[in-house]
Amino acid sequence: MARRYDCNDATDRTTGLREAASAVRRGELVVLPTDTVYGIGADAFAAEAVGDLLEAKGRGRNMPSPVLIGSPNTLHGLVTDFSEQAWELVDAFWPGALTLVAKHQPSLQWDLGDTRGTVAVRMPLHPVAIELLTEVGPMAVSSANLTGHPSPEDCDAAQQMLGDSVSVYLDGGPTPGIEPSSIVDVTGKVPVLLRAGALSAEELRKVVPDLEVAN
């Protein structure tokens with residue numbers, strides 16, 4: 001039976017974050033608010049839990065899960081060949097609605113799906129998400145919807161779709177933004193905008209003028 005906690009209530013928030021952290025460590029799934037839409041998350045290093053996440057969404061391994069982190073410093077242990085331009089994007093837009101696709105450290109023992117040696121990583125601008133990520137470390141987090149359905153802007157919508165496949169729901173109220181994060185590939189010499197979302201190409205080019213846009 002899924003448990004749900006109102007994170008706008010101080011007592012419920014404390015309990016909910018503790019229960020969510022315990023659930024993640026047990027390899028279970030949680031739903032959490034972010035600055036874009038609600039996400040469904042699991043321990044990024046628990047392959048079975050990540051598989052459960054993809055299954056709960058009805059999503060194949062060909063659509064691997066992004067990873068959310070609670071601090072830019074966490075990147076040092078996750079990615080390699082991270083360019084100066086990539087760090088400039090981090091400095092300018094994190095925490096926030098920017099996902100960076102980077103080469104992950106080959107030594108990492110994780111299985112996010114068919115990533116081909118890369119990871120899509122982001123630090124969200126939401127206090128509940130950051131507190132949970134700080135407590136448990138990197139999490140595989142995807143939008144908390146069934147594949148093909150709209151991404152949920154509130155906890156009710158997420159729970160209606162995912163039900164008891166999730167152990168803990170952290171209800172932070174309606175999300176402040178409805179646009180997904182923008183996705184920039186920083187694996188090459190020049191950053192490439194793969195998906196325009198909350199951040200436009202024009203905004204990103206203020207930091208990395210040579211940004212290219214994928215066709």
Would you please test Met139 and Val30 for side-chain contact (heavy atoms from CB on, under 4.5 Å) and show each step? CA-CA 10 Å; Met139 290 179 63; Val30 302; 3.7 Å; yes

Could you walk me through whether Leu146 and Leu162 pass the side-chain contact (heavy atoms from CB on, under 4.5 Å) check? CA-CA 7 Å; Leu146 296 174; Leu162 299 173; 4.2 Å; yes

Trp94/Leu75 under side-chain contact (heavy atoms from CB on, under 4.5 Å): CA gap, chis, key distance, verdict: CA-CA 12 Å; Trp94 278 17; Leu75 279 172; 3.5 Å; yes

Output, in order, the C-alpha distance, side-chain angles, deciding distance and verdict of salt bridge (charged side-chain N to carboxylate O under 4.0 Å, His left out) for Arg4 and Asp156. CA-CA 10 Å; Arg4 178 166 164 173; Asp156 286 342; 2.8 Å; yes

Does Leu170 form a side-chain contact (heavy atoms from CB on, under 4.5 Å) with Leu17? I'd like the steps, not just the answer. CA-CA 8 Å; Leu170 297 176; Leu17 282 164; 4.1 Å; yes

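Using a 4.5 Å heavy-atom threshold, the side chains of Val24 and Asp43 count as touching. With contacts defined as side-chain heavy-atom distances shorter than 4.5 Å, the pair Asp35/Arg122 qualifies. Counting heavy atoms from C-beta outward, Leu204 and Leu98 have side chains that approach closer than 4.5 Å. Inter-residue side-chain proximity for Pro191 and Glu88 is flagged as unmet; no heavy-atom pair is nearer than 4.5 Å. A heavy-atom distance below 4.5 Å is not found between the side chains of Ser22 and Glu28. Leu100 is not listed as a side-chain neighbour of Val79, based on a closest heavy-atom distance of 4.5 Å or more. Using a 4.5 Å cut-off on side-chain heavy atoms (C-beta onward), Gln85 and Val186 make no contact. Inter-residue side-chain proximity for Gln159 and Val166 is flagged as unmet; no heavy-atom pair is nearer than 4.5 Å.
For the side-chain contact (heavy atoms from CB on, under 4.5 Å) test, residues two or more places apart in sequence or in another chain that qualify with Ala120 are Pro66, Thr99, Val101.
Hydrophobic clustering places Tyr169 together with Leu53 (ILVMFWY residues linked when any side-chain heavy atoms are closer than 4.5 Å, directly or through intermediates). By the rule that hydrophobic residues join a cluster once side-chain heavy atoms approach within less than 4.5 Å of another member, Leu199 and Val90 end up as members of one cluster. Grouping the Ile, Leu, Val, Met, Phe, Trp and Tyr side chains by contacts below 4.5 angstrom, directly or via other members, places Phe82 with Val119. Cluster membership check: Leu68 does not share its hydrophobic cluster with Leu125, using side-chain heavy-atom separations under 4.5 Å among Ile, Leu, Val, Met, Phe, Trp and Tyr. Clustering ILVMFWY residues whenever any of their side-chain heavy atoms sit less than 4.5 angstrom apart, transitively, puts Leu194 in a cluster other than the one holding Val37.
Judged by distance alone, with hydrogens and angles left aside, the side-chain atoms of Asp164 form no donor-acceptor pair with the main-chain N or O of Met1 at under 3.5 Å. A donor-acceptor distance shorter than 3.5 angstrom exists from the side chain of Lys57 to the backbone of Asn145, with no hydrogens or angles considered. Under a 3.5 Å cut-off, the side chain of Thr14 and the backbone N or O of Ala10 do form a donor-acceptor pair. Judged by distance alone, with hydrogens and angles left aside, the side-chain atoms of Ser182 form a donor-acceptor pair with the main-chain N or O of Gly197 at under 3.5 Å. Checking side-chain atoms of Gln105 against main-chain N and O of Leu78 turns up no donor-acceptor pair under 3.5 Å. Under a 3.5 Å cut-off, the side chain of Arg205 and the backbone N or O of Leu211 do form a donor-acceptor pair. With Arg25 contributing its side chain and Val136 its backbone, the two residues share no donor-acceptor pair below 3.5 Å.
Salt-bridge check for Lys189 with Asp210: failed, with every basic side-chain N at 4.0 Å or more from each acidic carboxylate O.
Contact detail for Ala56 and Leu29: the closest heavy-atom pair is CB-CD1, 4.1 Å. Considering every non-hydrogen atom in both Glu212 and Val190, the closest pair reads CG-CG1, 3.8 Å. In terms of heavy atoms, Ala21 sits closest to Leu132 at N-CD1, 3.8 Å. When all heavy atoms are compared, the tightest approach of Gly16 to Val168 is O-CG1, 4.2 Å. The two residues Val141 and Ser65 have their closest heavy-atom pair at N-OG, 3.3 Å.
Surrounding CD of Glu48 are at most 12 heavy atoms belonging to other residues, nucleotides or ligands under 6.0 Å away.
Aromatic ring orientation, Trp110 versus Phe45: parallel (interplanar angle below 30°, classes split at 30° and 60°).
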